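Inspection log for the structure reproduced underneath, given as structure tokens.
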Amino acid sequence: MAASSSASKSSMATTLKVAVMVALVLVVTVDGQNCNTHLSGLNACGEFVVPGADKTNPSAECCTALEAVPSECLCNTLRIASRLPTRCNIPALSCS
């Protein structure tokens, strides 16, 4: 009977571990999707961030979209973007 109890506890522990992993994957996926949704709203700012753009003051729509992006989402996106040149085997950006 002790062996059965031990096997049952092991099975329960494994089931719990799987459930926690599934929950984490769902949270990460939902956060990623939310971030993508917020970032896509920044398309309203496109005409203000292109070098040589005629318009320098962002529209109310752009400002509202930027305000809606959680800072963690924006910072993570900038971090990822800054790593792209290295990962693409091109020289790192040097902005001055």
Side-chain angles (χ1 to χ4, degrees):
M1 180 125 166
S4 176
S5 177
S6 177
S8 177
K9 286 181 184 178
S10 177
S11 176
M12 232 163 96
T14 300
T15 302
L16 182 58
K17 287 177 188 176
V18 169
V20 168
M21 288 183 350
V22 167
L24 287 173
V25 167
L26 288 174
V27 168
V28 169
T29 300
V30 168
D31 284 348
Q33 288 173 349
N34 285 339
C35 189
N36 286 342
T37 300
H38 289 299
L39 290 174
S40 69
L42 293 179
N43 286 333
C45 301
E47 63 185 322
F48 306 102
V49 297
V50 176
D54 293 335
K55 297 180 180 180
T56 55
N57 293 325
S59 65
E61 182 183 8
C62 170
C63 293
T64 300
L66 182 59
E67 188 176 34
V69 179
S71 59
E72 183 179 336
C73 174
L74 194 55
C75 289
N76 285 338
T77 301
L78 293 173
R79 276 188 219 105
I80 291 167
S82 70
R83 294 188 301 236
L84 282 176
T86 303
R87 292 185 178 188
C88 292
N89 296 318
I90 60 174
L93 295 175
S94 176
C95 302
S96 41

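Predicted model only: the values in this text are computed from it and were never measured.
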Exercise: identify the closest heavy-atom pair between [X] and [Y]:
X	Y	result
Ser59	Ala44	OG-O, 4.3 Å
Leu39	Val69	CD2-CG1, 4.2 Å
Ala68	His38	O-ND1, 3.1 Å
Gly41	Ala65	O-CB, 3.2 Å

Measure the OG-CG distance between Ser71 and Asn76 for me, rounded to the nearest 0.5 Å.
->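 It is 9.5 Å, given to the nearest 0.5 Å.
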Gap between atom CG of Leu74 and atom CZ of Arg79 - 0.5 Å precision =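 So the gap between those two atoms works out to 10.0 Å.
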Any Cys35 side-chain heavy atom under 4.5 Å of Thr77 side chain =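 Sidechains of Thr77 and Cys35: in contact.
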